[in-house]
Amino acid sequence: MGRVIVIGDVGGFPDQLSTALIAAGARRKDLRLPADLTVIQVGDLVDRGPDSSGVLRIVAGRLDDQPDQWIQLLGNHESQYLPGGDHFFPERLSKDDARLLRTWWADGRLRVAAAVRTADGDDYLLSHAGLTVACWQELGEPATAAAAARLLDERPEPMLWRGFYTGADGKSGPLWAEAGSELYGEWLSFHATGGFVPFGQIHGHSQVVGFRDRSWRCGGKIRQRATVDWEARHVRVRAGGRVLIGVDPKHGRSGAESWRPLELDDTTVLSFGQRSGDDVRSGDEVRPGDEARTGAAATAGGVLRSGDAPAGAAAGTAGEATRRADRPYDVVLFGATGYTGGLTAEYLAHHAPEGCRWALAGRDQARLAAVRDRLAAAVPGCAELPLLHADSGDPASLAALAASARVVISTVGPYVLHGEPLVAACASAGTDYVDLTGEPEFIDDIYVRHHAAAVASGARLVHACGFDSVPHDLGVYLTVGRLPADGPIRVDGHVRAGGTVSGGTLASALLAFSRRRETARAGRERRALDPRPAGRRIRTPLGGLRRVHPDSGLQGWSVPLPTVDPQIVGRSAAALERYGPDFAYTHSAAVRRLPVALAGLAGAAVLFVLAQLGPVRRWLMRRRPGGQGPSAEQRAKSWFTARFVGEGGGRRVVTEVSGGDPGYGETAKMLAESALCLAFDELPPTSGQVTTAVAMGDALAARLVNAGLRIEVEQA
């Protein structure tokens with residue numbers, strides 16, 4: 001980490017640029033930068049001012065002498081001297097200056113975008129005019145700032161040049177977007193209709209205020225969410241829990257009377273390096289002041305939010321990644337003949353991206369064919385869906401299945417009885433694996449027996465990818481991301497839901513209740529192997545019956561929930577330093593009336609006792625056999641809301657995750673999107689048994705919002 005300053009449009013004023021650099025610590029005689037400083041300039045170096053050539057000489061000196069400390073972005077005024085750019089400014093640069101700009105563009109020193117992470121853990125995309133919603137979608141909706149920067153540095157055309165002749169229609173590219181009408185307004189509207197704002201942005205090019213007369217040039221919606229530093233000439237607009245920052249000082253032809261660069265202390269550059277070079281690749285983490293690291297591993301869309309890989313996790317080798325890419329299937333679903341498996345198959349049939357190679361696997365080919373026929377009736381393209389033979393009791397078939405796929409989905413529960421052989425095959429083959437288990441015993445046993453093998457092979461084993469525990473793991477992750485990381489953090493989770501259970505879910509719950517000794521044994525064995533984070537404290541106390549805290553925005557009573565969710569959250573916190581030195585999470589159901597809360601506790605206690613009696617447990621399971629579940633009409637009436645209240649460093653952040661049928665419709669969606677995320681998205685380098693927050697984080701959150709879940713993160 002180090003200091004980063006972001007300099008807005010210079011516009012041909014070399015004296016003002018020199019003054020800003022000297023104030024930041026540059027040596028006066030030659031403007032050499034101190035070792036701890038990186039400068040990011042957002043473009044529009046030239047035109048309007050008295051000496052564009054002088055500005056280019058200053059920048060050329062830094063790019064030549066300190067290329068690792070000066071990131072130069074392309075502005076629309078530079079673009080008119082490049083192939084593809086529009087000529088629009090009447091006063092032309094000299095041939096030598098125009099040639100210099102083309103040279104920078106050719107050798108990669110003139111870039112389109114960069115990305116940084118601040119000390120608060122906030123990620124920002126930097127470009128000249130900003131990335132609009134339409135252009136973000138056109139890029140494929142990258143989930144991280146680093147991924148967006150990498151895609152923009154691939155110079156997507158015609159998006160890159162679009163805007164000068166198209167007008168303010170929301171589709172202008174990153175050189176031409178207008179801050180008010182196209183950037184801020186579109187992101188605010190997108191968030192208001194349920195969209196997820198994936199990262200903050202820092203841009204130049206235009207402003208929504210007039211600095212000379214302190215006037216506003218935008219509508220009330222933007223003005224209500226904007227703050228202005230009139231002296232520094234910066235504008236900040238809040239949108240969906242992120243911040244969009246304009247740094248153009250608006251020099252005009254006479255120069256701004258006063259302005260300052262945007263200063264970012266203890267900041268990490270996430271996307272850096274020359275486009276044409278092989279020693280530094282876009283997406284690498286480079287700390288300001290460090291030398292570019294030869295052969296540094298690209299982080300595929302940005303490093304983890306903590307800035308470090310999780311404890312015990314390591315990226316697979318490039319050879320392993322290539323081997324997995326050559327496998328015949330991207331995703332294989334094992335267990336499609338079950339109730340939740342069938343819903344997951346239906347979701348994939350409708351939502352798997354074009355070109356996704358997926359298949360169904362199971363031991364009963366006739367039942368699999370019936371599932372395929374049902375899918376083909378709604379989606380004709382599924383008529384040729386491959387059917388693979390795999391049996392939990394046949395290790396050879398599971399090994400063949402794992403070797404054929406990049407990602408395997410398992411819906412075959414109870415997992416403690418049927419799940420381990422497939423996980424073992426995936427860990428050995430380097431195949432990513434997801435399931436929807438909520439069984440602590442199974443998860444702990446898998447860690448003890450197969451985590452090390454998965455680390456060695458590069459496989460990612462991600463359990464609890466359904467309602468247990470995606471909303472809770474990601475909800476806490478997004479909450480923590482808005483809180484300071486240098487002090488204690490406390491998050492309280494409150495869940496409300498309405499729905500009906502399936503036979504498989506009932507069987508798994510009753511079996512887990514009956515295996516309390518085995519669960520305790522698995523927990524002890526895991527704790528003996530799973531290292532605790534050094535110098536940090538992670539707590540997930542069960543708590544007791546109490547009134548809901550008024551800061552939650554809910555009313556009534558909190559009933560403790562002894563589910564797997566707090567354990568998953570705690571493991572994310574242990575793996576990611578972003579959760580701070582002292583993290584605590586409580587997990588409860590929110591119930592409005594005390595009698596209902598007491599009845600719920602009593603009912604859970606009775607069910608726990610009955611589950612210890614084998615004949616009674618088997619009778620209860622026969623009441624709703626496996627493969628049966630709520631009807632489509634019942635699922636349509638089901639819902640859930642999970643609210644997380646986080647406090648730390650004097651701040652309070654409230655995150656709400658909500659959706660439809662939690663146990664089945666939304667679980668199938670979460671499970672399928674988790675598999676697609678592992679198969680196709682750019683993610684942090686992890687392996688072994690990892691949580692959804694550690695393995696997928698922002699990328700999965702963005703996917704789920706696009707799939708219809710609602711996630712709102714607001715700082716109180």
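Everything numeric in this text was worked out from a predicted model, so none of it was measured.
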Do Thr431 side-chain atoms and Ala402 backbone N/O form a donor-acceptor pair below 3.5 Å? yes
Salt bridge (Lys or Arg N to Asp or Glu O under 4.0 Å) evaluation trace for Arg449 with Glu420: CA-CA 9 Å; Arg449 298 167 187 170; Glu420 183 179 358; 2.7 Å; yes
Passes side-chain contact (heavy atoms from CB on, under 4.5 Å), Arg327 versus Ser404? Steps please. CA-CA 5 Å; Arg327 295 179 180 183; Ser404 71; 5.8 Å; no
Main-chain N/O of Leu333 paired with Trp358 side-chain donor or acceptor, under 3.5 Å: no
Between Gln689 and His450, does any side-chain donor sit less than 3.5 Å from a side-chain acceptor? no
Pair Ser392-Leu422, side-chain contact (heavy atoms from CB on, under 4.5 Å): steps then yes or no: CA-CA 7 Å; Ser392 295; Leu422 180 57; over 6 Å; no
Please answer whether the main-chain N or O of Arg117 pairs with a side-chain N or O of Asp123 as donor and acceptor at a distance below 3.5 Å. no
Neighbour count above 12 (heavy atom, 6.0 Å) for Arg532 CZ: no
Can you tell me how far CG of Leu436 sits from CD1 of Ile409, rounded to the nearest 0.5 angstrom? 9.5 Å
Does the pair Tyr664 and Tyr339 meet the rule for a side-chain contact (heavy atoms from CB on, under 4.5 Å), with working shown? CA-CA 8 Å; Tyr664 307 102; Tyr339 181 76; 3.6 Å; yes
Do Tyr447 and Asp445 have side-chain atoms, one donor and one acceptor, less than 3.5 Å apart? no
Gap between atom SG of Cys465 and atom CG of Leu700 - 0.5 Å precision: 7.5 Å
Roughly how far apart are His451 NE2 and Asp444 CG, rounded to 0.5 Å? 12.5 Å
Do Ser410 and Asp435 have side-chain atoms, one donor and one acceptor, less than 3.5 Å apart? no
Distance (rounded to the nearest 0.5 Å) between Asp698 CG and Thr144 OG1: 7.5 Å
Interatomic spacing from CG in Leu126 to CZ in Arg111 - rounded to 0.5 Å: 10.0 Å
Report the relative orientation of the aromatic rings in Phe442 and Tyr415; use parallel for angles under 30°, tilted for 30 to 60°, perpendicular for over 60°. tilted
Tell me, with the steps shown, if Thr268 and Val116 meet side-chain contact (heavy atoms from CB on, under 4.5 Å). CA-CA 6 Å; Thr268 299; Val116 300; over 6 Å; no
Electrostatic pair Arg539-Asp582, nearest N-O below 4.0 angstrom: yes
Pro581 and Ala485 have their tightest heavy-atom pair at CD-O, 3.5 Å
Could I get the full list of side-chain hydrogen bond (donor to acceptor under 3.5 Å, both in side chains) partners for Glu346, not counting sequence neighbours? Arg374
Scan side-chain atoms only and decide if Thr267 and Thr118 contain a donor-acceptor pair under the 3.5 Å cut-off. no
Which of these, Asp565, Thr691, Thr563, sits in a side-chain hydrogen bond (donor to acceptor under 3.5 Å, both in side chains) with Ser469? Asp565
Could you give me the CA-CA distance, side-chain angles and deciding distance for Glu647 and Arg490, then say whether salt bridge (Lys or Arg N to Asp or Glu O under 4.0 Å) is met? CA-CA 5 Å; Glu647 295 183 339; Arg490 175 186 175 89; over 6 Å; no
Just do the ring pair (Phe, Tyr, Trp, His ring centres under 6.0 Å) check on His494 and Phe644 with the steps written out, would you? CA-CA 6 Å; His494 306 274; Phe644 306 93; 8.6 Å; no
Which word best sums up how the rings of Tyr579 and Tyr477 line up, parallel for under 30°, tilted for 30 to 60°, or perpendicular for over 60°? tilted
Donor-acceptor contacts, no H, no angles, side chain residues 669-676, under 3.5 Å, sequence neighbours left out:
| residue | atom | partner | partner atom | Å |
| --- | --- | --- | --- | --- |
| Lys669 | NZ | Glu666 | OE1 | 2.9 |
| Lys669 | NZ | Ala707 | O | 3.0 |
| Glu673 | OE1 | Arg703 | NH1 | 2.8 |
| Glu673 | OE2 | Tyr347 | OH | 2.5 |
| Ser674 | OG | Met670 | O | 2.7 |

So OG1 of Thr667 and CG of Asp468: to nearest 0.5 Å the spacing works out to 7.5 Å
Check whether the ring centres of Phe199 and Tyr124 lie less than 6.0 Å apart, and answer yes or no. no
Taking atom types as modelled and ignoring hydrogens, do the side chains of Asp473 and Thr692 form a donor-acceptor contact shorter than 3.5 angstrom? yes
With side chain to side chain donor-acceptor pair (under 3.5 Å) as the test, would you mind laying out the steps for Thr586 and Asp492 before giving the verdict? CA-CA 5 Å; Thr586 61; Asp492 293 321; 2.4 Å; yes
Any donor-acceptor pair under 3.5 Å from Arg242 side chain to Pro198 backbone: yes
